[in-house]
Amino acid sequence: MSAELWYALVGVVLVAAAFGAFMAHTHLLRRLLAFNIMGTGCFLILVGLAQHERAPDPIPQALVLTGIVVAVASTALALILFRRWFAATGRTTLPEEDDG
Amino acid sequence: MTEAFVGASLLPLAIVVPLVWAVLALVRPRRRPTFLVLPGLVSWVTICAGLWWYTSRLGVLTHVLGAWPEPLGIALRADGLGSTMALLTSVIGSACALYRLWTPIDVDASAAQRWFWPLFFMLGAALNAVWLAADLFNMYVGLELLGLSAVGLVAISGRANALAAALRYLFAALLGSLAYLLGVALLYAAYGSLALSSLAALAAPDTITYVALALITAGLCLKTALFPLHAWLPPAHGVSLTPVSALLSALVVKASFVMLLRIMVGVGVTIITPSLAQGLGALGAGAIVWGGWQALRHAELKMLVAHSTVAQLGYLFVGMALLLSGSAPELAWDGLMLQLVAHALAKSAMFLASGTLIATSVV
């Protein structure tokens with residue numbers, strides 16, 4: 001098994017574990033962390049699988065760089081929203097949904 | 001030759017000009033934003049109208065930014081669907097902006113005053129980026145930009161219920177775009193390309209393609225709020241400022257739908273079996289029934305209109321199922337386009353009207 005395929009498999013495990021954590025937890029910060037880990041797993045798959053049995057490829061690397069920028073921006077936005085939510089209500093979770 | 005050149009050079013302008021106004025609104029905030037906003041709206045509508053006119057005369061326009069060849073370069077492409085949606089976006093966006101300028105706002109927060117216009121023009125640029133993207137990754141970037149500016153606009157009033165709705169919307173958007181990105185990664189690993197045009201020729205019905213398409217479909221359905229993944233939509237559309245509700249319902253949910261439509265028609269049409277397409281159509285039918293029922297049960301006007309969006313999005317998926325099942329694709333395509341345009345116009349008008357109704361009945 002090549003190193004690239006190994007990266008991709010680790011990425012799959014990270015995505016699956018983080019998705020489970022995202023669904024299981026209600027604390028907003030934990031959910032955000034789970035999302036970040038899911039993103040990392042996704043990038044590993046993107047780089048690993050695309051370069052598997054091929055020459056080094058600049059395109060997935062460019063894509064991952066863009067993806068990291070997007071993830072940082074969304075994390076920043078989410079943190080700001082958490083702080084405002086916590087300041088407004090003193091809660092660290094969202095209220096239960098009453099509407100299906 | 002020159003006419004085609006002029007038409008194609010409008011493509012990057014359609015994205016850059018709203019971005020420029022977003023930056024201008026950010027660095028030069030005005031207490032009275034009319035003189036900043038009106039030129040922005042005029043230039044935006046003019047460019048989109050020009051793009052639509054050139055596309056209708058010359059057919060599909062493409063522009064490769066900086067003459068960098070694909071796949072490293074970024075290609076933009078305007079077809080009938082893309083340029084129509086761009087024109088529709090600029091017209092509805094302008095209507096919402098004028099509404100925002102000329103009606104008293106129901107929150108006095110200075111943050112709402114300060115951040116509305118940058119986010120508004122950012123939303124416009126992101127929508128145009130999605131309509132005019134020629135490959136899967138630019139669609140992803142446009143979709144993320146769209147999600148971030150839309151979440152910002154929902155949260156802008158700073159009230160607790162708006163913040164909760166924005167957070168729920170943000171989580172749905174992030175999860176949806178990660179699923180989409182994962183699908184794109186699998187497609188790139190399988191075919192070594194991200195351009196819709198070359199993927200259409202390459203795609204074969206094997207496992208990795210099915211998994212990739214399933215991930216992409218799930219992610220985009222979550223972002224389009226297809227039943228039963230719609231729970232984030234009514235609060236986000238119901239509690240935000242009136243012009244924001246109109247923009248979100250009329251245009252933003254359509255962006256992920258149009259992406260799904262392009263991918264299904266481009267990559268999936270030879271792979272998706274009629275029964276899979278009918279499965280999507282069944283979810284759409286479920287959305288029509290469930291959204292309509294929920295709309296009937298809600299007493300608050302904006303929540304009622306928001307649930308009606310869930311129902312109307314169902315019709316889009318029913319149309320897509322008919323398109324992919326392939327018995328009358330042209331008729332289905334016409335119906336889809338009609339529903340896209342008609343719902344965008346009707347729902348934005350309805351939200352603006354209900355906002356006025358609420359504002360006048362409270363006083």
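Because only heavy atoms are used, hydrogens play no part in the values below, and waters and symmetry mates are left out as well, while side chains stay in. We name chains A, B, ... by the order of the sequence lines, and we start the count at 1 in each one. Just so we're clear, the structure is a prediction, and the values are computed from it rather than from any experiment.
For the pairing with A/Met38, the side-chain contact (heavy atoms from CB on, under 4.5 Å) check across B/Leu181, B/Leu175, B/Leu174 returns one residue only, B/Leu175.
Under the 30°/60° scheme for interplanar angles, the aromatic rings of A/Phe82 and B/Phe171 are found to be tilted.
In this structure, CG on B/Asp135 lies 10.0 Å from CD1 on A/Ile59, to the nearest 0.5 angstrom. Here A/Leu46 contributes atom CG and B/Phe137 contributes atom CZ; the two are 7.5 Å apart, rounded to the nearest 0.5 Å.
When heavy atoms are compared at a cutoff of 4.5 Å, A/Leu28 approaches chain B by way of both its backbone and its side chain. Heavy atoms of A/Val69 lying under 4.5 Å from chain B are absent altogether. Contacts between A/Ser74 and chain B at a heavy-atom distance below 4.5 Å involve backbone atoms as well as side-chain atoms. When heavy atoms are compared at a cutoff of 4.5 Å, B/Leu170 approaches chain A solely by way of its side chain, counted from C-beta outward.
The minimum heavy-atom distance linking B/Ala164 with A/Trp85 is given by the pair CB-CZ3, 3.6 Å. Here the shortest heavy-atom pairing between B/Leu167 and A/Ala78 reads CD2-O, 4.4 Å.
Atom OH of B/Tyr210 has more than 12 neighbouring heavy atoms from other residues, nucleotides or ligands inside a 6.0 Å radius.
Using a 4.5 Å heavy-atom threshold, the side chains of A/Thr89 and B/Leu163 count as separate.
Chosen from A/Ile45, A/Val15, A/Thr66, the residue pairing most often with chain B at heavy-atom distances under 4.5 Å is A/Thr66. Note on A/Ala88, A/Cys42, A/Gly67, A/Gly39: by heavy-atom pairs under 4.5 Å with chain B, the leading option is A/Cys42.
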Would you check, one step at a time, whether the test side chain to side chain contact (heavy atoms under 4.5 Å, CB included) holds for B/Tyr140 with A/Val70?
-> CA-CA 10 Å; B/Tyr140 167 74; A/Val70 167; 3.8 Å; yes
